[in-house]
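First listed ligand is number 1; within each ligand, the first listed atom is number 1.
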Amino acid sequence: MAKNVTLSYEGKEIEFPLVEGTENEWGIDVKTLRAKTNLITLDPGFKNTGSCKSGITFLDGEKGILRYRGYDIEDLAANADFLEVAYLLIFGELPNAEQLDKFLVDIKEESFIDEDLKKILESFPSAAHPMGVLSSLTSALTAFNPNSVDVDSEEDMYKAIVRIMGKLPVLVAWVFRKKEGLPLKYGDYSLGYVENIARMMFRKPNKEYIANPVIDSALNKLLILHAEHEQNCSTSTVRIVGSSHAGLFASIAAGISALWGPLHGGANQAVVEMLEAIRQDGGDIKRYMEKAKDKSDPFRLMGFGHRVYKNFDPRARIIKKAANEVLTDLGLVDPVLDIAKKLEAEALSDPYFVDRKLYPNVDFYSGIIYRAMGISTETFTVMFALGRLPGWIAQWREMRKNKEPIGRPRQIYVGKNHREFLPLKSR
Ligand code: CMC
C-alpha cells in the first residue's frame with residue numbers, strides 16, 4: 001500500500017507520497033509542495049535532499065556499502081577491468097567479450113585530438129594547475145566537436161560516449177607530460193585501455209617503454225574505485241549543467257572544475273601535502289590532531305570525514321591495502337605512508353573523530369599510490385577525474401534519457417526590501 005506523510009500547515013492537512021528505493025530507502029516526494037502550500041524546503045548543502053532517482057550506484061554510508069549497478073565495489077576492484085566497469089556503469093550490464101572488444105575498438109577510433117588543441121595546451125604557463133588545464137581543454141573539445149548529441153538516438157549517444165572515453169585519457173596524459181616537460185605523444189592502441197593510459201603517461205623519449213604490471217594493476221584498481229559515487233558535488237554539477245541541455249563535453253568540463261576543490265577530489269593532493277608538511281615539521285602527529293580539533297584553526301584532517309559515510313569508506317580499506325602492496329612490489333619506502341597509518345590510528349581512537357563518525361575516505365591513501373607511480377602531487381586529482389569519467393557519463397546519460405527538467409533550485413530571499421534608487425550626487 002502506498003505510504004504518505006501529512007504536513008499540518010495553517011490549519012490544513014496536506015499529504016505527500018513516500019517514495020521507496022529498491023534497497024528500502026525512503027524519501028518524501030515534495031514535487032507538489034509549493035503548488036499546494038506556497039512553501040519551499042530549505043536544505044543548504046542538500047544534506048537531506050534527493051535530486052533524482054538513479055539506478056547506477058547504491059551507497060549505504062552507515063554500513064559502509066558501495067555497489068555499482070548491484071555489484072560490490074570489493075568484487076569489482078578485485079576482479080574487473082576498468083573498461084568493463086565503465087561499460088557496466090554507463091550501459092547497466094557487464095559486457096560480454098564481444099561487446100567489450102567493440103567498445104575498446106570504437107574508443108580507439110575516437111582517441112585522436114585535433115592538433116590545434118595542442119597549441120592551446122602549449123600556451124598555458126608551466127605553473128598552471130593541471131586540473132584547470134584539463135577542465136579548459138575538455139571544454140575546448142566542444143569547439144572541435146561542435147555537433148550536438150541527439151539524446152533520443154542510441155547511436156548518437158554511443159558516439160558521444162566513445163568520443164569522450166577516447167579523448168580524455170589523451171588529454172590527461174598530455175597534461176601530465178606537459179607538467180613533466182615530456183613531448184606530447186599518443187599511445188600504443190594495440191594495448192588495453194588502462195595499459196595504454198600508463199604507456200601514454202610514462203613513456204620517456206629516450207627509453208624503450210616496458211610496461212610495469214604492478215603499476216598497470218594499481219592504476220586499474222584506482223580508476224575502478226574512483227569511477228562512480230552517486231550524487232556528489234561533481235556528479236551533481238554534471239547533471240545540473242547537462243539538464244540545461246549543454247553537451248556532454250561541456251558538462252564533463254564543469255564536473256572536472258567541481259572535482260578540483262580540496263573538500264572533494266582535490267583532497268588527494270591536500271592529503272599528501274599535509275602528510276609531507278607533518279613529516280617536514282618533525283612528524284608531531286599529536287600536534288596536528290589538536291589543530292584538526294581546534295575550531296578556531298582552519299586546519300582539517302584532509303582525507304578524513306565524508307558527507308555520506310558514517311563508517312569506513314569501503315574504498316579506503318581497499319586503497320590502504322593496495323598502497324602497502326604497491327610500495328612493497330615496487331621496492332619503495334615512503335615515510336608519509338608511515339605517518340598516514342599513525343595518523344589514522346590516532347584519529348580512530350580519538351573521541352572527537354569517533355563521536356563525529358569521521359573515518360578515512362578514498363583520498364587518504366590514494367595519493368601515496370599515485371606518488372609511488374611517479375605522478376606529481378598536483379596531477380593526482382586529474383587521475384581522479386579520469387577514473388570518474390564513466391560515472392559522470394552514466395549519470396549524464398541517465399538524466400537525459402529520463403528527460404529530467406532543468407535543475408533550478410529556489411531560495412529564501414533575506415536581502416533588502418524595496419527601496420528607491422538614489423542618484424550618485426545624493427548618496
Ligand atoms: N577534520 C576535522 N574535523 C572534521 C573533518 C576533518 N577532516 N571533517 C569533518 N569534521 C567535523 C566538522 O568540523 C564538524 O564538526 P562539528 O559538528 O563540531 O561542527 C563535523 O565533523 C561534521 O562535519 P561537516 O563539515 O558538517 O560534514 P560535511 O558532510 O559537510 O563535510 C567533508 C564532509 C568531506 C567535506 C568533510 O568531512 C571534510 O572537509 N573532510 C576533509 C576533506 C576531504 O577529505 N574530502 C574528501 C571527501 S571524499 C572524496 C570525494 O569527495 O569524492
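Seen from the ring of Tyr209, Arg203 does not count as a face-on cation partner, given the 6.0 Å and 45° thresholds. Cation-pi contact between Arg356 and Tyr352: present, with separation from the ring centre below 6.0 Å and deviation from the ring axis of at most 45°. At least one test fails for Lys178 against the ring of Phe124: distance under 6.0 Å to the centre or angle within 45° of the axis.
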Take Tyr309 and Tyr359 through the test ring pair (Phe, Tyr, Trp, His ring centres under 6.0 Å) and record every step on the way to the result. CA-CA 8 Å; Tyr309 292 117; Tyr359 291 86; 9.5 Å; no
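What you find for Ser135 and Ala253 is that their closest heavy atoms are OG-O, 3.2 Å.
Between Arg388 and Glu228 there is no salt bridge, since no side-chain N of the basic residue sits under 4.0 Å from a carboxylate O of the acidic one.
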Contact table ligand 1 N or O to protein N or O, d under 3.5 Å:
{"residue": "ligand 1", "atom": "1 (N)", "partner": "Leu301", "partner atom": "N", "Å": "3.1"}
{"residue": "ligand 1", "atom": "3 (N)", "partner": "Tyr352", "partner atom": "OH", "Å": "2.9"}
{"residue": "ligand 1", "atom": "7 (N)", "partner": "Leu301", "partner atom": "O", "Å": "2.7"}
{"residue": "ligand 1", "atom": "7 (N)", "partner": "Phe304", "partner atom": "O", "Å": "3.0"}
{"residue": "ligand 1", "atom": "13 (O)", "partner": "Lys295", "partner atom": "NZ", "Å": "2.9"}
{"residue": "ligand 1", "atom": "13 (O)", "partner": "Arg300", "partner atom": "NH2", "Å": "3.2"}
{"residue": "ligand 1", "atom": "15 (O)", "partner": "Lys295", "partner atom": "NZ", "Å": "3.0"}
{"residue": "ligand 1", "atom": "15 (O)", "partner": "Arg356", "partner atom": "NE", "Å": "3.2"}
{"residue": "ligand 1", "atom": "18 (O)", "partner": "Lys295", "partner atom": "NZ", "Å": "3.0"}
{"residue": "ligand 1", "atom": "18 (O)", "partner": "Arg356", "partner atom": "NE", "Å": "3.0"}
{"residue": "ligand 1", "atom": "18 (O)", "partner": "Arg356", "partner atom": "NH2", "Å": "3.0"}
{"residue": "ligand 1", "atom": "25 (O)", "partner": "Arg300", "partner atom": "NH1", "Å": "3.3"}
{"residue": "ligand 1", "atom": "25 (O)", "partner": "Arg300", "partner atom": "NH2", "Å": "3.0"}
{"residue": "ligand 1", "atom": "26 (O)", "partner": "Lys47", "partner atom": "NZ", "Å": "3.4"}
{"residue": "ligand 1", "atom": "29 (O)", "partner": "Arg307", "partner atom": "NE", "Å": "2.7"}
{"residue": "ligand 1", "atom": "30 (O)", "partner": "Arg307", "partner atom": "NH2", "Å": "3.0"}
{"residue": "ligand 1", "atom": "39 (O)", "partner": "Arg300", "partner atom": "NH1", "Å": "2.6"}
{"residue": "ligand 1", "atom": "40 (N)", "partner": "Phe304", "partner atom": "O", "Å": "2.9"}
{"residue": "ligand 1", "atom": "44 (O)", "partner": "Gly303", "partner atom": "N", "Å": "2.8"}
{"residue": "ligand 1", "atom": "44 (O)", "partner": "Asn361", "partner atom": "ND2", "Å": "2.9"}
{"residue": "ligand 1", "atom": "45 (N)", "partner": "Leu263", "partner atom": "O", "Å": "2.9"}
{"residue": "ligand 1", "atom": "51 (O)", "partner": "His264", "partner atom": "ND1", "Å": "2.6"}
{"residue": "ligand 1", "atom": "52 (O)", "partner": "His264", "partner atom": "ND1", "Å": "3.4"}

